[in-house]
Amino acid sequence: MATFSKTSGVSKTGGHRFTVDVYQNAHLPEGGREVDAIVTVTATRGGTTAGTPLVPAVPHQSPSSHALRAPGPDAAVVIMVDCSGSMDYPPAKMRNARAATAAAVDTLRDGVAFAVVAGTHQAKEAYPGGGRLAPADATTRQQAKEALRKLTPGGGTAIGTWLRLAGQLLETSEAPIRHGILLTDGRNEHEEPDALRASLEHCAGRFTCDARGVGTDWEVKEVTAIASALLGTADIVADPAGLAADFTRMMETAMGKEVADVALRLWTPQGAEVRFLKQVAPALETLTERRVEAGPRIGDYPTGSWGDESRDYHLGVRVPAAAVGEEMLAARVSLVLPTPDGSSPRPLAQGLVRAVWTDDLAASTSMNAQVAHYTGQAELARYIQEGLDLRRSGDLDGATAKLGRAVQLANRSGNEDTAKLLAKVVDVVDAATGTVRLKAKVTAEAQMTLETRSTKTVRVKK
């Protein structure tokens, strides 16, 4: 028998409202230890604190050491445009990249601080220059678009240098929302993988970043790793003609963010431990290793910036074994924001995860529908990745089995978008049983799109 608990809270320091809903089956058999819950976090209605957003005094500080900044721009954005030599093949690629960046600049709200970085084997300030950001208005938008016309392709690709320059520029702003948009068309061939990883570690927590790959000559795992580390989104724009529309959507979403540095705080009782924490909607993202200790048995997990939106998280907790009839609080889930005096953040909303031991076999063996759904979505993403890797390595039988299982899971969960992408890689004989045949010829676009979007999930109806 499934149980549902809900505890909601409203920030007393501003107009933004966060709610936390917990979905779980709290019942365990005698001696059972593993508790699973889906935590839905919803943010609505604006996001400032009496007109002054709450932000960290230093961008990379943990959420437990935040302080208020003086009022200033509410957002700062840096657009990183790949200007390497490969952007000239075909020439339309660079032309569309310039047009897309111009469209993004036009989408900026007045007053938002922004800059454009031209990325090759090194990073250069394309606009405004001088190690600073420019406030968006009619004049600076026009100046930026004039600077974009001067961008020409040439050189290599070292994405870590682009990110570090973006971080330096964003640190000159006191805006609470700091965001990057990164476009690349090729592999990161002019710096070592360790250098890119070091740049991502340096930038994590300082700003969020959406990453896009244009064409089909870039590396999916590189682009998705950038978005993952910086709490952004990743996607493919196979046709450069689609860049302007995609950049406009990304910038509109960035302009909708109103609350920065929200942390999901977990408290567990003595003897209990967090097995994992994953974002499971709108996309899969593992947060377990990003825990920042915030006190005895308390850990904070970064969630980035929020606008009006809702996200789902899968929490796994291991509790001490107990006898039938006993009950305990397995975890307390809170949403926290900084406080003006820098003291411990006050929870805006919280939900409770429970454990109840029973000898009712039906109750203790039933999986909550939400938990089951998202377990299946994670399994779907794993089978897609494994199937594509096997296909690349030449193990066609293994690839067929994995991708067939993915088709079955997509069909079962109603993930129509993923099912359509799978159908471009395999011929589906029977979706219900997962019977498929690998297509003899698969375009690079079809395979890369499936891989890039494999972590996008559909939400369960609660």
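Any value given below was found using the heavy atoms of this structure, including those in side chains, with hydrogens, waters and symmetry copies removed.
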With the side chain counted from C-beta on, respond yes when [X] and [Y] share a heavy-atom pair under 4.5 Å apart, and no when they do not.
X: I298; Y: R265; answer: yes
X: V41; Y: D312; answer: no
X: L287; Y: Y313; answer: yes
X: E309; Y: P282; answer: no
X: V116; Y: L148; answer: yes
X: Q447; Y: T216; answer: no

Using the rule given for side chain to side chain donor-acceptor pair (under 3.5 Å), can you reason through H27 versus D360, listing the C-alpha separation, both sets of side-chain angles and the distance that settles it, and then say yes or no? CA-CA 9 Å; H27 295 101; D360 184 330; over 6 Å; no

Between [X] and [Y], is any side-chain donor less than 3.5 angstrom from a side-chain acceptor?
X: S86; Y: S84; result: yes
X: T233; Y: D210; result: yes
X: Q377; Y: S413; result: yes
X: R17; Y: T44; result: no
X: R290; Y: Y301; result: no

Sorted by chain and residue number, the side chain to side chain contact (heavy atoms under 4.5 Å, CB included) partners of T161 (sequence neighbours excluded) come out as A123, A158, E191

Short N-O contact, [X] and [Y], less than 4.0 angstrom:
X: E327; Y: R354; result: yes
X: E273; Y: R297; result: no
X: K221; Y: D389; result: yes
X: R311; Y: E285; result: no
X: K424; Y: E445; result: no
X: E289; Y: R291; result: no
X: R405; Y: E379; result: yes
X: R453; Y: D235; result: yes

Residue pairs, two or more places apart or on separate chains, that pass salt bridge (charged side-chain N to carboxylate O under 4.0 Å, His left out) and touch residues 81-101: K93-D185

Can you tell me if T457 uses its side chain to pair, donor with acceptor, with the backbone of V280 under 3.5 Å? yes

Using the side chain to side chain contact (heavy atoms under 4.5 Å, CB included) rule, pick out the option among L352, V319, T268 that qualifies with L329. L352

Would you say R275 has more than 12 foreign heavy atoms packed within less than 6.0 Å of its CZ? yes

Tell me if the CG atom of D194 is crowded by more than 12 foreign heavy atoms within 6.0 Å. yes

Atom CG in L390, atom CG in L403: separation rounded to 0.5 Å? 8.5 Å

Minimum heavy-atom separation for [X] and [Y], please, with both atom names.
X: L183; Y: W162; answer: O-CZ3, 3.6 Å
X: Y23; Y: T40; answer: CE1-OG1, 3.7 Å
X: R206; Y: H202; answer: NE-O, 2.6 Å
X: L284; Y: A381; answer: CD1-CB, 3.5 Å
X: G307; Y: K257; answer: N-CD, 3.8 Å
X: A43; Y: W306; answer: CB-CE3, 3.7 Å

Ring-face cation contact, W218 with R212, 6.0 Å cut, 45° max: no

D21/V39 under side-chain contact (heavy atoms from CB on, under 4.5 Å): CA gap, chis, key distance, verdict: CA-CA 6 Å; D21 298 338; V39 179; over 6 Å; no

Verdict with supporting geometry, N25 and S366, side chain to side chain donor-acceptor pair (under 3.5 Å): CA-CA 7 Å; N25 178 6; S366 175; 4.5 Å; no

Using the ring pair (Phe, Tyr, Trp, His ring centres under 6.0 Å) criterion, which residues pair with Y89? Sequence neighbours excluded. none

